[in-house]
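Working notes, beginning with the structure itself.
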Amino acid sequence: MKKILMVVMVLVSLVATQVFSAETVKIAVAAADKTATAAVSDQPASAPYFLVFDGEGKFIEAIDNPYKNAE
């Protein structure tokens, strides 16, 4: 019975480790253009785009800022 309990506990910990390690880091940068080499905006609220990068710095996507002209 102790062996079965130990095996179950090890399996649960392995599964939990895999689930939580699947989380990814994303970084959004306010920018003046849709390209990964665009200049960083000094006013994020009015920037035309947000560039999204992963935790390793790889460009993922550019998102239009729907509030760039808001007051």
Side-chain angles (χ1 to χ4, degrees):
M1 183 68 177
K2 284 186 178 183
K3 282 187 178 183
I4 293 173
L5 182 60
M6 184 62 112
V7 169
V8 169
M9 290 180 67
V10 168
L11 289 174
V12 167
S13 67
L14 288 173
V15 169
T17 302
Q18 292 299 318
V19 168
F20 291 114
S21 68
E23 294 181 24
T24 58
V25 174
K26 290 185 181 176
I27 301 165
V29 178
D33 196 13
K34 286 186 173 185
T35 63
T37 58
V40 175
S41 177
D42 58 346
Q43 294 184 348
S46 61
Y49 305 100
F50 289 105
L51 307 179
V52 181
F53 297 87
D54 68 7
E56 296 175 357
K58 181 180 174 189
F59 178 68
I60 298 174
E61 66 178 321
I63 301 171
D64 290 334
N65 181 359
Y67 302 105
K68 63 185 169 198
N69 296 323
E71 292 184 24

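When a residue number appears, it is its place in the shown sequence, counting from 1.
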Got a list of side-chain donor-acceptor pairs under 3.5 Å for residues 41-51, not counting sequence neighbours?
{"residue": "S41", "atom": "OG", "partner": "Q43", "partner atom": "N", "Å": "3.2"}
{"residue": "S41", "atom": "OG", "partner": "Q43", "partner atom": "O", "Å": "3.2"}
{"residue": "Q43", "atom": "OE1", "partner": "S46", "partner atom": "OG", "Å": "3.4"}
{"residue": "S46", "atom": "OG", "partner": "Q43", "partner atom": "O", "Å": "3.4"}

Original post:
Under the side chain to side chain contact (heavy atoms under 4.5 Å, CB included) test, which residues partner T35, sequence neighbours left out?
Top reply: D33, T37, A38
Original post:
Going by the side-chain hydrogen bond (donor to acceptor under 3.5 Å, both in side chains) test, which pairs reach into residues 50-70, not counting sequence neighbours?
Top reply: none
Original post:
In terms of hydrophobic clustering (I, L, V, M, F, W, Y; side-chain heavy atoms under 4.5 Å; direct or indirect links), are V40 and F53 co-clustered?
Top reply: yes
